[in-house]
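To start, the structure under review is shown below, and the notes come after it.
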Amino acid sequence: MASRVAVIGVGQTKHGHRNDASQADLVSDAVQAALENAELNIRDIDAVVTGNMELLDGNYLSDMWLVDGDGAYMKSGVRVSGGGTSGQKVFDTAVKYVASGLFDTALAIAYSKMREGPIQWSIKMINEDHFCDLGRGGGPAWSVIQRIAEDLLDRKSVTEEHIAQLRVQQAENGIRNPYTHLKRKFTVEEVMASPEFAPPVRMLHVPPVSDGACAVLVASEETAKKISKNPAWVIDTVSVHAGAYNIGLGNAAYTMKDPRLGLPWCWGTAQSCLKLYKRNGITDPAKELDVIEMYAPSPWVEVAYCENFLVCEKGKAWKMIETGQTAITGEIPVNPSGGVLSYHPLGASALLRVAEAAIQVRGEGGDRQVPNVKVAMAVSEGGDNYGMATLLKKSL
Amino acid sequence: MTERVGIVAVAQTKYEADKERQNFGEMVREVVDKVVAETGLKYEDQEPNDFAIDKIVSCSEDYWDCANISDIRTHAEMGGFAMDEIKVSADGAQAAFLATLNILAGHANVVLVVAHRKESITTASIIENAAFDPIYQRPLGLDFRSAAALQAQRYKDKYEINQEQWAKAVVRDRKNAQNNPYALGLPPLTTADVLDSRMLVYPLRLLDCKPPSDGACAMILAREDIAKKITDKPVWVTGMGNCYDAHYLGDRDLGDCDALVMAANRAYKMAGVSNPLKDIDVAEISADYSYQELLWMEGLGFCDRGKAGQLIDDGITEADGELPINLSGGTLAGSPGGVAGLARVADLVLQLRGEAGAGQAKSLKTGVAHGVTGQCGQSHCVIILGN
């Protein structure tokens, strides 16, 4: 019998340069933290789902080595992946295991130890067409951010100073989160003076490279109601992928047709949110959502998302920033966790968005807690092609 | 919510040693086109209806695809635009498993599954070595074949199994493969051929080992009521199970396969199978090496531990035997890793639909398909089908 699903436990490691731990160690720590949070034992877990981007971490069939660390020994499970959305796909797969009615509990685990793999080469090759671009450069991730930035500036939706303000806002959020890699206040001047490596994109506009792991425990409705004091209900997940892998070609063609969308990028991610809203009767997300955790690898992308997710008016994102609409005290806090600009274990980042959304719904956010969270959305994007949005609620 | 999931169409490419005329996407397109054409299904658009494909589960691995987030590369060929797609990075049977979960959960109605791999692109050892933990085992230079050799030796020592019995399984598979138009097309063998073939890694000889191949496999699974509308010959998923074993070779008794026993038991329980040898009519097993045919037979409960050799000697698993195994020829007759478990499901579907041509067995009601991932079968997936 199919079942509704709730998050009943969340765990993560301290993210950063973890020379003190192997990949299996990081995963083990996250799993133990999740079990402690749920007050359960590994024996209570029926299935273990893992995911990462294996070229980033330098291991083939990476779930095999991790069995010792993640407790999957003699348990059901599988490894899935999906670029930047990997962590959220892991979560969604764990949800499917439980929602099917065949398993009562499942662990979703995602992690990264990117400094042990060839990062820039791996990311760059995402955008390379095997036939046309190989060897000629494709496009590193920041080339997408660069084009988003140019477009936002052209349409005067923001100025560089607004972007710096958003960066400062994320840094302030990050300081309140005990798990983040970067814990440093920045000033607007510092951000605007940081080296420009792909104009107008600056060093402080992009995430750090972090190691870390996250584990989220989900349970069936019956089990959650029986054993959890504090379930966060998984209401819906929508995933929409765009088409062509040549950055811009497929996306541009399709977003131009939709007047609600501000930019020719992030089509899949935007569609995931719009479809999620439609399926769940949300017409004014800025009012009806209490918090959004979004995997935005730059304040430029954060702005593009806010426009595309209907959080702010298309072309007028500067208003949102000047009024503090997305600050932790604002109408619709974005990334109270500090977001990936504060910590970026890439394979885990999408799961961390779900985890932080669950933490907010469960009221376990400590210094980063937004008051009275009843509805939270977690969003991630992979390779500018994959999008995913998950809706969590305090009650069914 | 649905209680049953049906497989409504399957397709495979011919497996070849080197598909130089097709890239990854073209292989995927070939099999996806076939199942979509056979069922007449459309893909979900903004106005979903019950007869549309509303989810894709792809199956491949970044290392073998030579690309990061490799499902992007074949996304268009899967028909993936605007679709919900997820990539399973494990053996293909796991993809069918996840597709079934989606439908049982009520999160999807019709799921397209497609697996592909080109083993011709590189020497497997280079990739396989990276599957071992980087601290202790990888620096030893282990690959799946050398690990399998350790397992083969342990299995031989632990039980009264001999290499002639392994060879008989290879001979049987190669003979059966002559009737499978998708198999590699390798010639039939005698046990002497196998036992005299070149020693690769003691005690495994050349003909004890799976030959590398290129190919793809696709299938469509649907909710029961929809499945019945799409085809008059749906094949039902009646049970399934998967399970991980320990990673470090020294943490396991390699002569056993506890994870397979666990996976099989879960599947049998769901399907109401209490005596596998009697209740199962036909089996498709993923054995990359000859001895694994026997070891996995024991894990699947067809006989007691260490007794698979007897089943082989008694002809029980021959095409005209009580429990025919690998009528398709199985993995040893050529299907690439990663695709293999899904191909086993596809071959089983053909048998249960009565569409296996010259290789068709009679009076089939229930079959078991099996897939394996990782060194020495670290993870197993068992799917039971019924018509």
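Throughout, a chain's letter reflects where its sequence line sits, starting with A, and its residues are numbered from 1. Here the structure is a predicted model, which is why all the values come from computation and not from measurement.
Between A/S81 and B/D71, the shortest heavy-atom distance links the atoms O-OD2, 4.4 Å. Nearest approach of A/Y60 to B/I127, heavy atoms of both residues: CD2-O, 3.4 Å. When all heavy atoms are compared, the tightest approach of A/L61 to B/S89 is CD2-O, 4.3 Å. For the pair B/A82 and A/W267, the tightest heavy-atom approach, listed with the atom from each and the gap, is CB-CH2, 3.9 Å.
Proximity to chain A involves both the backbone and the side chain of B/I86, based on heavy atoms less than 4.5 angstrom apart. With a threshold of 4.5 angstrom between heavy atoms, B/E85 approaches chain A through its backbone and through its side chain. Heavy atoms of B/T373 lying under 4.5 Å from chain A belong to its backbone as well as its side chain. For A/K75, the part lying near chain B is the backbone, with the side chain staying farther off; criterion is any non-hydrogen pair under 4.5 Å. Within the 4.5 angstrom heavy-atom criterion, only side-chain atoms of A/V67, from C-beta onward, approach chain B. Proximity to chain A is absent for every atom of B/I56, based on heavy atoms less than 4.5 angstrom apart. Using a 4.5 Å cut-off between heavy atoms, B/N129 does not touch chain A at all. There is no contact between A/V5 and chain B, counting heavy-atom distances below 4.5 Å. Only the side chain of A/D68 has a heavy atom closer than 4.5 Å to any heavy atom of chain B.
Under the 3.5 Å distance criterion, the side-chain polar atoms of A/Y386 are matched with a main-chain donor or acceptor of B/I72. Side-chain atoms of A/E54 come within 3.5 Å of backbone atoms of B/D62 as a donor-acceptor pair (strictly under, hydrogens ignored).
To the nearest 0.5 angstrom, A/L55 atom CG is 11.0 Å from B/E61 atom CD. Considering CG of A/D92 and CG of B/D84, their distance stands at 7.0 Å, rounded to 0.5 Å. Taken to the nearest 0.5 Å, the CG atom of B/L101 stands 4.5 Å off from the OG atom of A/S100. Annotation: the span from A/Y97 atom OH to B/F97 atom CZ amounts to 4.5 Å, rounded to 0.5 Å. Once rounded to the nearest 0.5 Å, the distance linking CE of A/M64 with OH of B/Y244 reads 5.5 Å. Between atom CE of residue B/M262 and atom OH of residue A/Y73 there is a gap of 8.5 Å, rounded to the nearest 0.5 Å.
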ask   = Stepwise, does the side-chain contact (heavy atoms from CB on, under 4.5 Å) test hold for A/L102 with B/R266?
value = CA-CA 10 Å; A/L102 297 183; B/R266 289 188 186 133; over 6 Å; no
task = I would like to know whether A/H241 and B/M78 meet side-chain contact (heavy atoms from CB on, under 4.5 Å); could you show each step before the answer?
result = CA-CA 12 Å; A/H241 292 183; B/M78 293 178 219; over 6 Å; no
task = Given side-chain contact (heavy atoms from CB on, under 4.5 Å), test A/M74 with B/D245 step by step and report yes or no.
result = CA-CA 6 Å; A/M74 286 300 126; B/D245 208 326; 3.7 Å; yes
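Annotation: B/R252, atom CZ; neighbour count of heavy atoms from other residues, nucleotides and ligands within 6.0 Å is above 12. The environment of B/Y248 atom OH is dense: over 12 non-hydrogen atoms of other residues, nucleotides or ligands sit within 6.0 angstrom.
Taking A/S76, A/S62, A/A99, A/G101 one by one and counting their heavy-atom pairs under 4.5 Å with chain B, the maximum is reached by A/S76. Across B/S58, B/P134, B/S70, the residue that shares the most heavy-atom pairs under 4.5 angstrom with chain A is B/P134.
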